[in-house]
Number of protein chains: 2
Amino acid sequence: MTSDPAAPDDRLTFWSFVDYAVAKAGAELPSVDAEAMRLVLTLHRVTSMVVYDLESSAHRPNGWSWPGFRVLFVLWLAGEMEAKTAAELSGLSRASVSALLKTLEKDGLVARRRGEHDGRSVLISLTPAGRAAITRGFSAHNARESAWAADLTPDERATLVALLRKLMDGSASADAKRRM
Amino acid sequence: MTSDPAAPDDRLTFWSFVDYAVAKAGAELPSVDAEAMRLVLTLHRVTSMVVYDLESSAHRPNGWSWPGFRVLFVLWLAGEMEAKTAAELSGLSRASVSALLKTLEKDGLVARRRGEHDGRSVLISLTPAGRAAITRGFSAHNARESAWAADLTPDERATLVALLRKLMDGSASADAKRRM
DNA sequence: ACCGAATGGTCAAAGCATTGATTACTTGAG
DNA sequence: CTCAAGTAATCAATGCTTTGACCATTCGGT
């Protein structure tokens, strides 16, 4: 009506909303860091699209969740480890891993055993069935990853990865709240 | 044991695992698209760190969830809309929005009313309390966003956003499974 | 050697995600 | 006009995530 940066129009979509929001928020609150907002909004939207696609095209059809896949994935690549380590590597909380292991163990994909050196710890590892499952599952997963990555040139992929790493190596990352 | 690209070493962390995983998966399965794997792994890890930080430093202390914030956010910027539109703009499923609205309405932040033109639809909008809440909450949110973005130069930020947009405009995105 | 502090894992409560079914209401073809 | 098909919202069931509490075990300073 008065001074909308752009009328809502009914034309807004998941993506065009980013531009609209950056302009409108700047108009509502002059102190907004608009470019930071655009960056985080875009980052989050792209990632949730990729994750949703991978989860629904590669994981759910096989009866797994993305977090379950992550646990199997780290066990597949790094071998037997403490539950604590699996949580750290997969980016989940210890409680989530503990809950997840109940399902994975019930399905016969993962084996738990008591740690020998440290009586508190639980060592987890893939069963043969788990190894077969992750091998098949990862192929489907990687095929979709490949399709996403193919839309960028090799240089662009390298640049994107470098910028993302810079983001996580920065000071904000150092101050950030982390799991645990 | 035999030909590990790098021994697990106990030195693996959330981040160093990316390099390790790319090398190891390539050794296990020759057909792997390693660069695609690195891209998706990095993208997901950065995003989950940012989201976790924003959620735990800006939202949870105020008693909200990140998804609740997203709904208030789109209502704040685009005004009253159908629940269906709020789902589309916030990137949630209609069922999730419906569930979320129960909480937001109970807390007096959002008002529901029946659509006039379409008797099936529900129109949702911010209450004055909701407007006050999102204004305060967004400031805290944007302050953290700003801290993250400050680790990149303006050029780097522009490049990063451009590459992310290219990713979502690509053909993989077009083929991707989407919500609804 | 001991006892307090720290650590690893699990559980409980609460919240949000998903898919699939159900209930309204609207639309459009015949 | 009518009835089938489509659409909006909600509900139900299930699963994952979070925090915070708790237990068992280990570590470390005195």
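None of these values were measured; they are calculated from a predicted model. In what follows, chains carry the letters A, B, and so on, assigned in the order in which the sequence lines appear, proteins first and then strands, with residues in each chain numbered from 1.
Side-chain N or O atoms of T85(B) include none that pairs as donor or acceptor with a backbone N or O of M81(B) at under 3.5 Å.
Distance CG (L100(B)) to C1' (dT18(C)): 14 Å, rounded to an integer number of Å. Here the P atom of nucleotide dG6(D) and the CG atom of D118(B) are 17 Å apart, to the nearest Å. The separation between L123(A) atom CG and dT10(C) atom P is 11 Å, rounded to whole Å. The CZ-P distance, from R112(A) to dG9(C), rounds to 10 Å in whole Å. Rounded to an integer number of Å, the gap from CZ of R60(B) to C1' of dT19(D) is 8 Å. Rounded to an integer number of Å, the gap from H59(B) NE2 to dC16(C) P is 13 Å. In this entry the distance linking NZ of K84(B) with P of dT7(D) reads 8 Å, nearest Å. If you measure from atom CG of L104(A) to atom C1' of dC16(D), you get 12 Å, rounded to the nearest angstrom.
The pair R112(B)-E105(B) meets the salt-bridge criterion, with a side-chain N (NZ, NE, NH1 or NH2) lying under 4.0 Å from an Asp/Glu carboxylate O.
Candidate nucleotides dG8(C), dT17(D), dA9(D) were compared by shortest atom distance to the side chain of R94(B), and dA9(D) ranks first. Nearest to the side chain of A95(B), among dT18(C), dA8(D), dG9(C), sits dT18(C).
Within the nucleic acid shown, S96(B) comes within 4.0 Å of at least one base atom, counting heavy atoms only. Nucleic acid contact class of A83(A) (heavy atoms, under 4.0 Å, all strands): sugar-phosphate only. At the heavy-atom level, S56(A) lies nowhere under 4.0 Å from the strands shown.
Of the listed residues (W148(B), Y52(B), F73(B), W66(B)), just one forms a ring pair (Phe, Tyr, Trp, His ring centres under 6.0 Å) with H44(A), and that residue is W66(B).
Annotation: the span from K166(B) atom NZ to L160(A) atom CG amounts to 11.0 Å, rounded to 0.5 Å.
At least one side-chain nitrogen or oxygen of S93(B) sits closer than 4.0 Å to the OP1 or OP2 atom of dT18(C). Between T103(B) and dC16(C) there is a side-chain polar atom (N or O) within less than 4.0 angstrom of OP1 or OP2.
The base of dT26(D) has none of its N or O atoms less than 3.5 Å from a complementary donor or acceptor on the side chain of R120(A).
Looking at which nucleotide of DNA chain C each of K102(A) and R70(B) is closest to, the 5′-most match is held by K102(A). Between S98(B) and K106(A), it is S98(B) whose nearest contact on DNA chain D lies nearer the 5' terminus.
Closest approach of S90(A) and F14(B) over heavy atoms only: C-CE1, 4.5 Å.
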